[in-house]
Structures are given as C-alpha cells and as structure tokens.
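This structure is a prediction, so every number in the text was calculated from the model and none was measured. Naming convention: chains lettered A, B, ... in sequence-line order (proteins, then strands); numbering from 1 in each chain.
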Amino acid sequence: MIVYDFLYNIVFNITQSAVAGDITAMVISAALPLLFLVLPFAILAVWLERKVSAHMQDRLGPMRTGSHGWLQTIADVIKLLQKEDIVANDNDRPLFNLAPILVFSGSYLVFAALPFSSAYIGSNIDLGIIFIIAASGFVVAGILMAGWSSNNKYSLLGAMRSAAQIVSYEIPTILVILTIIMITGTTNLRTLSEMQTGYFWNWMIFGGAGLSLSKFLFIPFMIIGFVTLYISTLAEVNRTPFDIPEAESELVSGYHTEYSGMKFAMFFMAEYANMFAVSAIVSAIFFGGYQSPFGYLGNTLGLTWMVPIEQFLWFASKGIFFVLVQMWLRWTLPRLRVDQLMALCWKYLIPIAFVNLIIVGLITVL
Amino acid sequence: MKEYFQNIWYGFSTIMIGMRVTFKHLFVPAVTIQYPNVKLKLPERERNRLYVNMNDCIGCDQCARACPVSCISIETVKSIPGEDLGKTSNGKKKALWVTKFDIDIAKCCFCQLCVFPCPTECIYMTDVYEYAEFERSSLVYNYVTLTPAEIEAKKTNYAKLEAEKAAQKAAGAPPVKPAEKEENKQ
Amino acid sequence: MKSAEEIFNILKENFNDNIKELVKQPVDPYILCDPLKINEISLFLLSNEGLLFDNLMNLSGVDDANGMSTTTGSITTIEGGTLSVYYHMESTKFRHKVVLRVSTPREKPEASSVALVWRSADWHEREAFDLLGINFLNHPDLRRILMPYDWEAGYPLRKDYANPEFYHGMKVPY
Amino acid sequence: MAIKTEEMVLNMGPQHPSTHGVLRLELILEGEIIQKVTPHIGYLHRCFEKHCEAMTYPQIIPYTDRMDYLAAMYNEFGYVIGVEKLLGIQVPERVEYIRVIMGELQRIASHLVAIGTYGADIGAMTPFLFAFRDREVILNLFEITCGARMLYNYIWVGGLSHDLHPDFVRLTREFITYFRPKIVEMNELLTTNRIFIERTANVGILPLETAINFGITGPMLRGSGFKWDLRKDDTYSVYNRFDFNIPIGEGKVGTVGDCWDRYYVRILEMGESLRLIEQALDQLPEGNVTSAIPKRIKPPVGSVYTRVENPRGELGYFIISNGTTSPFRVKVRGPSFVNLGIMDVLCKNHMVADVIAILGSVDIVLGEVDR
C-alpha cells in the first residue's frame, strides 16, 4: 500500500487529478511484479530446476555460464529471442499468436493479487483468493487455444487433457480455500496474512491465531487441507506427477509442441511463474504469507522501514521453498495417466476436501 | 473403506520413500565431469583413431582386406632390384613402395580387425578421439610419406623395368617348354 | 523328446507324398516338404498330441541360387532354380526341435502361409516376401515390412538383385 | 440418436521421444482409447543379411554388434556359437567363462537401459539417469577389456580378441558390491512407487498361450509366468555349470503378464546375472584365449540354427554355408523384431499413455528390429 500511495501522491502532485493518479498508480504498481518479480523469478526457477534435478541425478547441470551456470537461463532466453518464429501453414494464426499471451497474462494476473509484503500488494482486492483462482483458470483458455490452433494432434490431446485437468482440480482447491474462508471470514489475502502475524504458531497450518480449544482441533484438518491444496495446485500448474498435458514421453510436448522462439519462452516462463504463484498462495494461506515465523529484526532494532523488506524476503523464501518441493517431487515421481489423474481428483481429493470442510465447519460452529 | 485409506497411505509412504532417495542424492558428488576441462584417463586398449606408422609398413594389403567397411585403400609399386627400402623395426625387409595409403576415418567402424593381421604391427589404434573436421574430405587421411614426384618416379622406374624384362623375353630368353608349364600349373 | 527321424516318420505316415525326404547334414537335419501343403503340416505339428510344436523359432527365406546364372557386365541374372523357406520349430513341452524346408520355383515362388498357425510367422513371412519375393498364400496381411512400401527395384536378398540407380530422385550408391 | 464420433489416426513416430528409435506406430484412436495399432518398421533397415553374404565370417562380427547395439556382446556371442557349430571346433574353457561374464555384464547393462528408459517413458527421469550412471561402470569394464564401449568386436570365432585386463576381476567384483545396493535403491525409487504401479500393473496383459503363439521370448515370456530361459532350457557355453534362478512374473501387484511383471523380471534378472558373474569369476580357469582361433574360417557346406538368450529374448542365427569364406545366407531372428509384433494385441482398448508403457515394457531396440 505504501507503494500505491507513493505513486498516487507523485502523480496527483503533478496532474492534480485524482482519477489520473489512481489509474497511473494502479497500473504501475500492478505492473511492478512483471518487471521485478515474474521474469526474474522465472529465470531463477528455471536455473534452480536444472540444478536441483542435476544434483538429484548425480550430475552437475549447467556449469559454464557464470558461476555454477546461473546465467544459463538468461543465455537461453537470449537464444530463444533470436530464434525464428515458426508458424506453420495450417495453424490458426490469430489464435496461435494470441495463445501464449493469454497463458502468460493468466499467470501474471495472479501476481497482481499476491501479498508480497505489508507495504506492497499489486492490487489489494477484497476477493483476493477468489480472484487468483479465477485468473489461474484463465490459463485454460490459452492452453486450449494453443492446442486447437496448432492443428497438431498431440497438441490437441494435450490441450484437452489440460482443460479437463485444470477444471477438475479447481474444485478441491476451492473447497480447501472455503475451509480457510470459513475460519477466517476473509478472502482478502492481505488481511489473511495480517491475521497470522506474530510467531509461527499463529499460522493457519497450526490453527491460526488465538489460543482457544478449536485452534488445536483444527491442526490435523489444516494439515489435510494443506496437503490437498498442495496436490491440487500442483495439478493446476501441470507439474509432475500431473504433467500429462505436456507429457513429454507421450505427447511430445503437448500443447506447446508447435511453438518456437519467444512464444515457446512465454509458455515456459508462464509455467515457472505459475509455480511460484501457487506456492505463494499456499504459503499465504497456510504459512502466514509474508509473516516472519520469529518476529522481525527491524522491530527489534527499531528500524521499521526494514520490516517490509524482511516480509518480502520471507514471502519469497516461502514461495521458493514450495517451488523447490515441487521440483523435488517432479524429479522423483513418474507421471499419472489421464484417467488416474481424474480418479485421484474425484475419488480422493474432492471427498477428502469436502469432509474436511464439513468437519472444520462443525468445529467452527462449536 | 479400509482399502481406500490403505491406498492413500500406500501412495503417500512410497512417495516419501522415493523422495528420501532423491534427497539423499542431492548430497552425493556428481559422477559427470566437465569434459573439455577435465578429461578421463583412457585405458591402454583404447580404440580410437587409426594410425599407420609408414616406416614399418610393407604394403602387404592385409589390413585393407580385413576391413569390413573398406575404408583403407592401398596401392603399391614393386621396387626395382638395387633399390634399398630399408627394414621394418621387427626386421622384415620391405619390397614394395607404398604409393597410396588412405584411411577414410569417416567410414571406419573401429572394429580393430585391421590391426591384428598386420605382420609388422604398423597400423594401430590410438587414444586420440578429438578429430572432428568441417569437411568430410579432410577425414580421409593420407599416410604416404613419398611425394607425388617420387611416386611418379617409382612408377616409371618399375614400368621401365617391366618393359625391359618384356623386351628381354621377346628378344630371346629361352622360352619355357609347354610341358613344364602344365606341370607348374598342376 | 523325439529325434528328427521319428518326426519324419510320423509326418510321412500322415502326409505321404507331401513329405519328400529327410536331408541329413552335420548339424541340423531338415525335412523337405511340399510348399503348398506346409500350412496343413504345420497345423498337424502344432496340434498333434505327441509333437506339440508350439513355438516357431524362426522362419527364413533363402535364395538357393541353383538355377542358370548368366553374368553380363555387372548384372547377374539367375533363371530357374528355387527359393526356399526354412521353418525352425520346437516344442516347449517336449523340448524337441525340427527343421522343415520347402522349395518353390523361382519364377513363381509360392508357399502357403503358416501365419494363422503360429502368429509369430506373420512378420517373418512378411520379411521373406519383402526381401525375397516369396508369395505366402492366405497370409492375412502380406505387405512389405522392412523396405519402403513403394520400393520397386526388386527383392534385395535375391542373389541377382542389383541396386537401382535412383530412388525418388536420390542417388542410391553413394 | 447416438453421438457421431470420428476415429482419429495418430502417427506416433518415427520421430517421437519414446518410440526408442525410429519406429512408427499408427494408432487408430477413439478419443484416447486405442482401437488398433499398426507398427511400421524399416526406417533403420541396413540390409544386414545382404551385407553378410559379401563378407567373410570374422568381418560380420562388427556388423552383428550394430544390430542390438545395447547388447552387442550377446549378438557376437550368438553368432560365434553358430559359426563354431558349423566349424565343429571346441573353444578353451577360459574363453567360455569370459564369454559368460561378458554376456551377463551386457545383460545387466542392457536391462539397466530398459529399466531406465521405462522409467523415463512413465515420466520419472531420475531412475533413467541412475541407470545410465550404473551402466557407465559396466561400459568402463568393457572398455578396459577391449577398448570399445559399445560396439566391441570382442568375441571372435574360436576365441576372444583380447584376454582380460589384469584389473578386470578386481574391478568386476567391486562393481558387484557397488551395484547390489543400487538395485534396492531402484526398487525404492521406482518399482514400488504407487504411481508407477498404477501406470504399469494390469496394463498390457499378455496371456501365456498368446505369448507362445506369437513367439514371444525373453523377459516378456517370463513376465507371463513361463519358466523358459535358453540358458537353462537349451543350454549353451558353460551355463549349465552355474546355479541361478529364472525369475518369472507372479502378478504381485496386478495380473500375471502385465507391464509391471515384465519390468520386475528384468530387475530380478539383474540380480541373477550378478550371481552368475560372481560364480564365473570364482571358477575362472587359466588359459590362452586366442589359441583356438582358426587361421582361415571356411566352414563345410551345411546350415545351422543357433539361439542364445539375449537380454531381450531368443536371438537366433540361421547360417547357411556353401563352403566358402563368406556365408551363403545369414538370417537373424531378432527378439525385438518378434516381440514387437504383439503390440496390436497388447494395446487394444488401452489409452495413448499406455501404448508408451507397453512399448517400454516390450523393450525393443530398433537396430535389431530393422537390421
């Protein structure tokens, strides 16, 4: 909010127009994550993925560009930028060109509502969580578009699978989030994070703030909820073991088989940005968002300006931690088949999430 | 119902076991090396690029005949009496001028079949494996030590000798008797 | 466990003239049969209680090259003579093996298919058809298998096969 | 009124990440359900058999390497047994033992590739790299012995090209102690993994009668529950002197003859091969490995069919000699070639993802399918 106010004041002082100030501040503060978070994070995550996978497999991974290859992704992006943009004759051109933009903007939209710290949240809307779920559903449209317009059977199969998968897995996600909403009574991510302030035992995974009996009753159900949410968000971002839409060994690359150059890079970036987004949501909901588990150094030292920075670091590290877990899972597990994926969702996750919801509801009423 | 929860438990526990394995491997040193900077020591029997030591080659053509992909081509010219071609390192006397000894290493299948029949052990496989070229034609290795002019000289010398011999024969060397000829054949 | 001779005698009893002779050689003796009756013989071998040859190990077409061979320049043509098919089979129960051989004239190489007796013969027969041009009668799906479907330059494993100069505009001998 | 549906023809391959080479599978799909699979092969056809007719017997050996390039030692092994039978020569004991050791090491290496790529087909990349890491150790053993890592030309008619390297026995024993825990690790990581079992159990079930009728051999046949291994059932070389088991599919997590059984047979076979190597190393006699190599290989007129238990199944060589230095006809009965023929039966009514699982469990090498 500090960022927004700061921008608003500058523009307002220049133009003396509240509307102009509002719009400019909103656009700029919402665009900040793209420049400072989405792209750098995607680049970092791609590098991390390569290093993590390499070390898990007793390899070294990229080592040449920069120390331990940390510039590798940048080099790759530059290479991808230079590559020819191939559009086949039978592709549906408008849709084909639009799809990567849609997918990327879908994952970028999510960033707008993420509470990075108490001082900065791209767009502090009250329906934060619901907005994020809706926005990540937006990706499906892009993927379907990509699959259809590629005019490739593998792409089409991948897109169809993806659509079915993402739509199904939104249900357990929302059910778990409903549980949280029921306890906290808010859908604003910033408020939600503020509620979990203090020490780590105030986090939702430990039943939230306060010391009532219900807090302790919540704990097992919160853990179940967390696992369910984590699994279903994993599926929503098409990560192994749920990466069937791009299932490399079956569908070559699924919906982005036909893409090359920067368009492919956009899909790629979107995937990694999405990974961070869902991890951030999980941490915002269950692990206190930007809240530090042990209080702030800035408060102890009396330097209040340090607190938002610390909060940002905590938020980023929590997000990256869950991204690392996603990578860890990816390099351990095989892939499910499409019907088993659906079975997992409808037979296991949804009933569990639902029962969880009911029990938590009962506890809340008590 | 019991099965349902067993399933969940089974799924979870095996995933955890798998994750434990991969986690352990995060701290295992890598087995790969940084290739051009670090190179493995090759074993002594390494089979890579062929090399011919022309000082020892007697031009017997055995390697070319053993080659399953015909990547070795050898041409020789007989020496004329009086020429001293020297000896190979294991004491064999050379009798042929090798005028062409080409190995098309692009065709070579590294089977080492050419190495074993060589009587003087002059063709062998080395441990050189970095010999990529931009032109396919530069992968044809010429091992001949003679210059083209020398080769031409040897050829004409031999042709001259042949011609002389033929002339001698024609001039009146005692013809071989037909009976003897038949005997020889048998 | 039955020896080749015993099997030959059993076959001779049942198929009379269609079984020609037992050819003895140092390693694997074989039984020469009628190419057009081989499917019946095979079915008998498979279903007979005492034989039960349930596993066709191998089926190989061979160009015997025993006809008149004329060479003009680099092109050799062979006229007359036979193409043969060898059947190696065994019984997984009794552990005995037998080799059958059929010979069919080179000009009209035909043998009845055993692909419906042993399904493993399916691809082997397609291969023999592809590379030697032996026509297996009643084969369910006799197409080329290893060579391109539009290969027109003849059957590569015949001894008188010569490479075509071009295939789809590409020069064949490089 | 029924909804009108249209069948979709999907060409899987020749360029596809998990067809293990240049295989083209023509899938006829209804949704994601397979109606029919037609394998189209021949993209790697090199006319091996025609080549053989123009070459002398020893020259063929490097070509046999290039058929099943993952089990090159065993291809040579089968071929030389055939020629030796034609020639009627006996090879020294030491040669036989070394051949067995090499063959079994090759079997482990080949199974490692099979298992690793199977994991990769199912979607787990890590087992693939672990398998290749271990295979590398075996290739190093081959490299110190004959100088080549993949295409050896090591086993010759009547002998071997080189004797064992002085360090070979020690390094092989080290490998055995190194490798045993790795099998356990592979089991933890992949074999018992719930997702892996979901993907492979009860998929592509191959009943035994069908398997025999289709001529299926090797781990596939054993996966269907038939104790049939040429090393024991039609023994060759010195295999009858060793004590080893033949693992068969038991349907532990699904039905007998499913993909998981075929996979697990390979895992168990690696353990058995280790036992074999240990025994062979213990009994390894002294001797000269090149003494029995004939100067000139010119077998008498006749034909022979020999078969050996290749890692993929029954590898047969049908060699006809007409008394010259080159064979009149060599026909190879490749296990992959025959095993691939059953794809249609196995894949019917499965999903696209299962085709990959089934193809991986068949474990083909296109170099041998197409020859």
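Thr332(A) contributes atom OG1, which lies 11.0 Å from atom CG of Leu190(D) (distance to the nearest 0.5 angstrom). Summarising the geometry, atom CG belonging to Leu333(A) is positioned 9.0 Å from atom OG1 belonging to Thr126(D); distances are rounded to the nearest 0.5 Å. In this structure, CE in Met125(D) is found 14.0 Å from CE in Met56(A), a value given to the nearest 0.5 Å. A distance of 10.5 Å separates CG in Leu336(A) from CZ in Arg194(D), rounded to the nearest 0.5 Å. A distance of 4.0 Å separates CE in Met8(D) from CG in Leu157(A), rounded to the nearest 0.5 Å.
For Phe196(D), the parts sitting under 4.5 Å from any heavy atom of chain A are the backbone and the side chain alike. With a 4.5 Å cut-off on non-hydrogen atoms, Gln57(A) touches chain D through its backbone and its side chain both. Heavy atoms of Arg133(D) lying under 4.5 Å from chain A belong exclusively to its side chain.
Residues Leu29(D) and Lys153(A) are not in side-chain contact: their nearest non-hydrogen atoms beyond the backbone lie 4.5 Å or more apart. Put simply, the side chain of Arg199(D) reaches to within 4.5 Å of the side chain of Arg335(A), judged on heavy atoms.
Annotation: maximal heavy-atom pairing with chain D below 4.5 Å, among Val338(A), Asp58(A), Asp339(A), occurs at Asp58(A). Heavy-atom pairs under 4.5 Å with chain A were tallied for Ala124(D), Ala357(D), Pro127(D); the largest tally goes to Ala124(D). Between chain A and the options Ile195(D), Asp354(D), Val355(D), the largest number of non-hydrogen pairs under 4.5 Å is found for Ile195(D).
Although no hydrogens or angles enter the test, the distance criterion places a donor-acceptor pair under 3.5 Å between the side chain of Gln340(A) and the main chain of Glu198(D).
Contact between Tyr154(A) and His16(D) at its shortest, heavy atoms only, is OH-CD2, 3.3 Å.
Surrounding CZ of Phe354(A) are at most 12 heavy atoms belonging to other residues, nucleotides or ligands under 6.0 Å away. Surrounding CZ of Phe321(A) are at most 12 heavy atoms belonging to other residues, nucleotides or ligands under 6.0 Å away. No more than 12 heavy atoms of other residues, nucleotides or ligands lie within 6.0 Å of CH2 in Trp70(A), so this atom counts as exposed by the packing criterion.
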